[in-house]
Chemist: 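Mind having a look at this structure? Questions to follow.
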There are 2 protein chains.
Amino acid sequence: MAAQKVARLISERSIGRLSLYRRLLNVLQGEGVRNIYSHQLAAMAGCTAAQVRRDLMAVGYSGSPTHGYEVPRLIESLREFLDAPGGQGVALVGVGNLGKAILSYFTGRRPNLQIAAAFDSDPYKVNRVIHGCRCYSMEHLAEVAEGQGIRLAIITVPAQAAQAVADALVQAGVRGILNFAPVRLRVPDHVHVEDIDMTVSLEKVAYFARQSAERGSRP
Amino acid sequence: MAAQKVARLISERSIGRLSLYRRLLNVLQGEGVRNIYSHQLAAMAGCTAAQVRRDLMAVGYSGSPTHGYEVPRLIESLREFLDAPGGQGVALVGVGNLGKAILSYFTGRRPNLQIAAAFDSDPYKVNRVIHGCRCYSMEHLAEVAEGQGIRLAIITVPAQAAQAVADALVQAGVRGILNFAPVRLRVPDHVHVEDIDMTVSLEKVAYFARQSAERGSRP
DNA sequence: CTAACGCTGTGACCTGTTTCACGACCACCG
DNA sequence: CGGTGGTCGTGAAACAGGTCACAGCGTTAG
Ligand SMILES: NC(=O)c1ccc[n+]([C@@H]2O[C@H](COP(=O)([O-])OP(=O)(O)OC[C@H]3O[C@@H](n4cnc5c(N)ncnc54)[C@H](O)[C@@H]3O)[C@@H](O)[C@H]2O)c1
Ligand SMILES: NC(=O)c1ccc[n+]([C@@H]2O[C@H](COP(=O)([O-])OP(=O)(O)OC[C@H]3O[C@@H](n4cnc5c(N)ncnc54)[C@H](O)[C@@H]3O)[C@@H](O)[C@H]2O)c1
């Protein structure tokens, strides 16, 4: 059973969809749905049935052609595939407008992937508890991160501070960063960075909205 | 000159990068840089020089092999390519934790793509000015949106309200939506939706961080 | 009991994106 | 004044991701 499969290469896109499927399945389970077909999941996720089946190949649980996928079993398989075994603590650095919103949102939501500690350089925020999360000074970053086994972090500091924060996080043993600062971070190869760039997303919306408007008016 | 090129088909990915290039160029211009080569831009954007050149083919401004691209000219070309001619107003619906953070961030930032109006169903928020933006009641959505020529919107309401809000926005003439609610919105074909799903992004980070950690420890 | 159905898993194919490679160009240097 | 070096634009190759189609199989209707 320890025969871990030989590092199945899964695309980044697929992982995103698997996470999405899991959330949809959790909702379904709450509604008492026991079984589901790939085409139903596809309709909810906004992709094709073939894609759902292809993605699910990776998680190692096969559905039945007659009843589709058992919702609880599939959720469990996704959990095994996606989640770290013992849960994983997350640090949030930069308790400003965005950081506070994120804290409020993630507090007490997913059982694993909890935000375990917040950090800020502003002395007015240090040592306060914000949305149920203790805010530490930046000096204690390494200490707290190591003490709590934190390997993931969210960066919500101003752009000009982001690289320095990232360096400190990497130094403290962080392996994955969700970065909201509009800056391309330089990190070692073994650290994974995911950027969320709202400005770029908004400009994309603006561009394609204009595009489809023009197209729609002259088809 | 009105010979608009025949609707060059540009991939979504490319538009995102073009937006990124523009932001990088604006920074460079602030630093007094006059010219730049594709490989320099590539290093900053985190992609290859070939990709930069390929992306820039779409905007219709050619660099010089000897001096690269003129920063001000390139910015201007990107502006012409990406931006709506007279600027574009954006509505924000849902002035909660996240909505307020976004308001504070976008206020007075980009000259075009201003958040022109906010909306909320909470009577305590209606008619107040939050981060310099007037908050209207949902009943006035169509009226205000049409009055201000708003075609874009940001949705930051709870998941269960998102579809209804999207419907109202489409009804009010909105063509593009930046959606933060963890729900796949159903909209007509001529409306472009861009999702930002922080939970999925965080789970992706967790997965790939774990992956590279395992890989890194046993290479 | 049999046939027909509908779904899954997966190999083969196809489409869209990225990378490579090369001709053309210009500035600079010897 | 010709060679050299470096860069741009772009056709073509390479790649990745997504779609199609079908064999296999339990279920169920007749
Ligand atoms: N607010 C948004 O909606 C939004 C949208 C898009 C991008 N962003 C990006 O997110 C980041 C934060 O935005 P914000 O609006 O929350 O800003 P903010 O100014 O409200 O918050 C920044 C926080 O980071 C802290 N900080 C500053 N330097 C620090 C350092 N070196 N170490 C630790 N903490 C430090 C500050 O004390 C403050 O609490 C920015 O990079 C911004 O570009 C924000
Ligand atoms: N806060 C975050 O960091 C975060 C992270 C990821 C996703 N999200 C998503 O963003 C959305 C908002 O999150 P939040 O933390 O700001 O929530 P919130 O509860 O703080 O804010 C929601 C706001 O929407 C308003 N609202 C509710 N129903 C409405 C309706 N029908 N019409 C108009 N306004 C309505 C409420 O009055 C409130 O002001 C949610 O869908 C959440 O899932 C938030």
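Numbered from 1 within each chain, the chains take letters A, B, ... in sequence-line order. Scope of the values below: all heavy atoms of this structure, side chains included, with no hydrogens, waters or symmetry mates.
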Chemist: Given B:Tyr69, which partner from the list B:Leu41, B:Leu56, B:Asn35 fulfils the side-chain contact (heavy atoms from CB on, under 4.5 Å) test?
Modeler: B:Leu56
Chemist: Give a yes/no on whether any side-chain N or O of A:Ser38 is located under 4.0 angstrom from OP1 or OP2 of C:dT8.
Modeler: yes
Chemist: Nearest to the B:Arg13 side chain among C:dT8, D:dG9, C:dT17, which nucleotide is it?
Modeler: C:dT17
Chemist: With a 4.0 Å cut-off on heavy atoms, is A:Ser11 in touch with a base, just the backbone sugar-phosphate, or nothing at all?
Modeler: sugar-phosphate
Chemist: Roughly how many Å is it from CD in B:Glu12 to P in C:dT17, rounded to a whole number?
Modeler: 10 Å
Chemist: With sugar-phosphate meaning primed atoms plus P, OP1 and OP2, does B:Ser14 contact a base, only sugar-phosphate, or nothing at under 4.0 Å between heavy atoms?
Modeler: nothing
Chemist: Determine, step by step, whether B:Thr199 and A:Tyr105 satisfy the side chain to side chain contact (heavy atoms under 4.5 Å, CB included) criterion, reporting the C-alpha distance in whole Å, the side-chain angles of both residues, the deciding distance to 0.1 Å, and the verdict.
Modeler: CA-CA 10 Å; B:Thr199 306; A:Tyr105 182 71; 3.8 Å; yes
Chemist: Using a cut-off of strictly less than 4.0 Å, decide whether B:His67 has a side-chain nitrogen or oxygen near OP1 or OP2 of D:dT7.
Modeler: no
Chemist: Can you figure out which of D:dG18, D:dC8, C:dT8 approaches the side chain of A:Arg17 most closely?
Modeler: D:dG18
Chemist: Rounding to an integer number of Å, can you tell me how far B:Leu9 CG sits from C:dT17 C1'?
Modeler: 14 Å
Chemist: Can you tell which of C:dT18, C:dT8, C:dA27 lies closest to the side chain of A:Arg53?
Modeler: C:dT8
Chemist: I want to verify a distance call: between D:dC20, C:dA27, C:dT19, whose nearest atom is closest to the A:Ala50 side chain?
Modeler: D:dC20
Chemist: Nearest of C:dG6, C:dC25, D:dC20 to any side-chain atom of B:Pro65?
Modeler: C:dC25
Chemist: Whole angstroms only, please: what is the OH-P distance between B:Tyr37 and C:dC25?
Modeler: 18 Å
Chemist: Using a cut-off of less than 4.0 Å, is there contact between a side-chain N or O of A:Ser62 and OP1 or OP2 of C:dG9?
Modeler: yes
Chemist: Between D:dC8, C:dC26, D:dG18, which one does the side chain of B:Tyr69 approach most closely?
Modeler: D:dC8
Chemist: What's the closest nucleotide to the A:Arg54 side chain, out of C:dT17, C:dG9, C:dA12?
Modeler: C:dA12
Chemist: A quick test of your reading: do over 12 heavy atoms of other residues, nucleotides or ligands sit less than 6.0 Å from CD of A:Gln171?
Modeler: no
Chemist: Report yes if at least one side-chain N or O of B:Gln51 is closer than 4.0 Å to OP1 or OP2 of C:dT17; otherwise report no.
Modeler: no
Chemist: Return no unless some side-chain N or O of A:Thr48 is found under 4.0 Å from OP1 or OP2 of D:dT19.
Modeler: yes
Chemist: With nearest nucleotide decided by heavy atoms, which residue, A:Asp55 or A:Thr66, maps closer to the 5′ end of DNA chain D?
Modeler: A:Asp55
Chemist: How long is the gap from CG on A:Leu24 to CD on A:Gln29, to the nearest 0.5 Å?
Modeler: 13.0 Å
Chemist: Atom CG of B:Leu74 and atom C1' of D:dG9: how far apart are they, to the nearest Å?
Modeler: 15 Å
Chemist: Given D:dG18, D:dT10, D:dT7, which nucleotide is nearest the side-chain atoms of B:Met57?
Modeler: D:dT10
Chemist: Please report the distance, rounded to the nearest Å, between NE2 in B:His39 and P in C:dT19.
Modeler: 17 Å
Chemist: Hey, which of B:Leu185, B:Val157, B:Val165, B:Ile196 is the one that makes side-chain contact (heavy atoms from CB on, under 4.5 Å) with B:Asn179?
Modeler: B:Leu185
